[in-house]
Amino acid sequence: MASPLLEALNDRVLVWDGAMGTQIQRRDPSDEAFVLDPGGPWSGAVAEAADRLGGKLLDGCNEILNLTRPDVIEAIHADYFAAGSDMVETNTFGSTSIVLAEYEIPELVHEVSLAAAQIARRAADRFSGKFVIGALGPGTKLVSLGQTTFDELESTYTTSFTALLEGGVDGLLLETLQDLLMVKAGIVAAEKAMAETGRRVPLIVQVTMEQTGTMLLGSEMGAALNMLECFPSVVGVGMNCATGPQEMQPHVRFLGQNSTRPLSVQPNAGLPVMEKGQAVYKLSPDELAAFHEQFVTEFGVAMVGGCCGTTPAHIEAVKAAVGGRAHGTNAHWQKVRGAFPGFDFAMRGEEQAAATQLVGCSSLYQFQPYEQDNSFLIVGERTNANGSKAFREMLAAENWEGLTELARELEAEGSHVLDVCTAYVGRDEVRDMEKLLSAYNQHVTVPLMLDSTEWPVVEASLRKVAGKPIVNSINFEDGEARTERVLGLCRKYGAAVVALTIDETGMAKTVEHKVAVAERLIDRTRAAGLPDHDLFLDCLTFTLGSGDEEFRESGIATIEAIREIKRRYPRVNSILGISNVSFGLKAAARVVLNSVFLARAREAGLTSAIVHASKILPENQVDGEVWKIADDLVYDRRVFAAG
Ligand code: THG
């Protein structure tokens, strides 16, 4: 445990600070504090900005105080430390180019964040054992709504986090987050900044649940947590802002039951009450402390603090109630320590897989468990340029509304995930995926399977969808380099992966070959840090409809390979592109053969399938003779005509 912050966190409950904005207002800084005086002691970019702005009032830009009134900010931090905070957030809620652009100073992100970290560091160093957390807010634009881009977010968050790390922070925080795609960009940026500065510190991520019970764009907590737990650098998860502790309670309970990471909760001082046109927060310090007492005791929360309307008095009460308390035998902490022996969050794999309650994938909106009651994970096949004429034609016409409508139809007919593929000769696959996924991210509720063999397409896709998607697919056809690359992307952006039993010698056709390639795929995926349940092995579906001699036994081989792999690796998932089995047959025969093949594969342990959901029939809805004929075809029981 290289980090003193992690050591403290492993040991005891840590107390955050409270609100910054109201503390600034309380000190009533004059207008001059919000002006970059052209005659000030500036150099470099700040001097240039001051000259350009010519004394303009940057009304409401609290971040500028890091440059103009570091004394005020330092005093606020010191007040919180004196009140009992173990850690304070830097005054950088809006220190990104997107927010600072509203004050015409987007180029000052580095200077503002560096100054903020140094100020908080100075305050902390007046005490002992105190921590400084470099904290960034969501900014003012929602990437899932197309108001900004992943590139822009990643770039400015990297700049800001880098400056905070250079300024000596002990940890990083993304807070008040509303959009899960923004969260993903922020995490990718934090990891990049840590890699570039060579300073690895814990990253904490706090989302904001509105009074409606979801995040602003409709994300449920399960979707947020499922995505967050993909990232090994995310050492703390939690929530802040929007409501008081009362309204947060069900979410905090959910986190306590389902998360494998330490929890962080910073409520507002209740819901605001309007008084003389001003939002007033009325929850008392003792009331906040009582809620935190419950959060710590019942749900295992490890970092407690306050957001809007909370003051040093609130922090003092919280400190007195729970500050420094040992985690002891709390159930959530047992899970955290079971998931991360030695508190080593960089490690990920089977230990975490064993602990997580959220085995599944997610979209911007919802968590989707891999294991479905009385069913299998149904992956809709028709959002695929190779698999649907209608899709192909709408793609050619760039009819994004129609393509979205098709996706919603697949959802309505019961697909749990959609397989999305825009590979179409003569068209730009990256551009088409980007366009389509921007629409699907926002308008499709179920998670997506990103179907492309080209790693640049995979990466572009992973930068477009919120939640945790599934990448389809990797194999060893071209050796290991491309596979390693795609596995690295799954790890970096948080995704599960489909892997086909294909190696340098081609598609595996026998049980032994399939199992051997599968073992090699499992080995590579584990080495990349993915847990077994995030691997979907595809033992290949060959066409039985063509009568091709070479493939007559291929159905049996696939089914038996699934059975054997399931026996050896019970947690690894499996998948098949079921409709491949019946290419070339008449529509009615396809339905039956697909249904039989799926039923047999499921008996052998298949956990998911790419299918046309509404065209799969249960055995009892098919004529017995007809079912038997299809079954004979799958099992290669040849029936020779007499004579
Ligand atoms: N494994 C994995 N991924 C895959 C496959 C697989 N992705 C693609 C494919 N195989 C699975 N998807 C489909 C989609 C559609 C059809 C077959 C497989 C299909 N479509 C009709 C046809 O071609 O006759 C067209 C219907 C139409 O035009 O509307 O059969 O094996 N990992």
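Start at 1 and go down the list; that is how both ligands and their atoms are numbered.
Residue pairs that meet the ring pair (Phe, Tyr, Trp, His ring centres under 6.0 Å) test with at least one member in residues 367-411, sequence neighbours left out, are Tyr370-Phe536. Sorted by first and then second residue, the ring pair (Phe, Tyr, Trp, His ring centres under 6.0 Å) pairs with a member in residues 586-623 form an empty list; sequence neighbours excluded.
Looking at Gln442 and Leu145, their side chains come closer than 4.5 Å, going by heavy atoms from C-beta outward.
Between Lys509 and Glu553 there is no salt bridge, since no side-chain N of the basic residue sits under 4.0 Å from a carboxylate O of the acidic one.
Under the ring pair (Phe, Tyr, Trp, His ring centres under 6.0 Å) criterion, Phe542 pairs with Phe551, not counting sequence neighbours.
A donor-acceptor contact shorter than 3.5 Å links the side chain of Thr558 to the backbone of Leu540.
The 4.0 Å heavy-atom shell around ligand 1 contains residues Glu381, Asn384, Gly387, Ser388, Lys389, Asp419, Asp451, Asn472, Val498, Leu500, Asp538, Gly577, Ser579, Asn580, Phe583, Arg590, Ile610, ordered by chain and number.
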